[in-house]
Amino acid sequence: MQVKCSLCDKIEDIEDYSLKAKRLRNRRIYMYLCNSCYDRVEIKTNKRIATGKFRLYRENRKVDQYL
């Protein structure tokens with residue numbers, strides 16, 4: 001399966017039956033990032049977290065004790 005990176009527009013081939021290919025076929029909003037872009041985003045995000053000014057807003061879920 002040929003996929004295109006959303007950031008750098010690089011075209012790569014991935015296996016047809018891999019987990020990434022399945023996600024791309026079933027969920028159209030799931031975007032593909034090549035390894036170099038994924039690593040770059042990860043490094044920059046970790047730098048932002050290290051500054052202390054980065055806030056990750058997560059949903060506060062209440063744990064139901066009966067489930």
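Being a predicted model, the structure only gives us computed values, none of them experimental. All residue numbers refer to positions in the sequence shown, counting from 1.
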Can you give the donor-acceptor pairs under 3.5 Å from side chains of residues 30-50 to other protein atoms, not counting sequence neighbours?
unit_1, atom_1, unit_2, atom_2, d
Y32, OH, E12, OE1, 2.5
T45, OG1, V41, O, 2.7
N46, ND2, E42, O, 3.3

Problem set entry | side-chain contact (heavy atoms from CB on, under 4.5 Å) assessment of K20 paired with E15 | CA-CA 9 Å; K20 284 186 180 183; E15 293 182 24; over 6 Å; no
Exercise. Is the closest side-chain heavy-atom distance between I11 and V3 below 4.5 Å?
Worked result: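 They are not in contact (no side-chain heavy atoms under 4.5 Å apart), so the answer is no.
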Exercise. Roughly how far, to the nearest 0.5 Å, is the CD atom of Q2 from the CD1 atom of I14?
Worked result: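 Rounded to the nearest 0.5 Å, the CD1-CD separation comes to 10.5 Å.
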Exercise. Partners of K4 by salt bridge (Lys or Arg N to Asp or Glu O under 4.0 Å), sequence neighbours excluded?
Worked result: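 With neighbours one apart ignored, the set is empty.
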Exercise. Can any side-chain N or O of R23 pair as donor or acceptor with the backbone N or O of S18 at less than 3.5 Å?
Worked result: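 No: the side chain of R23 does not pair with the backbone of S18.
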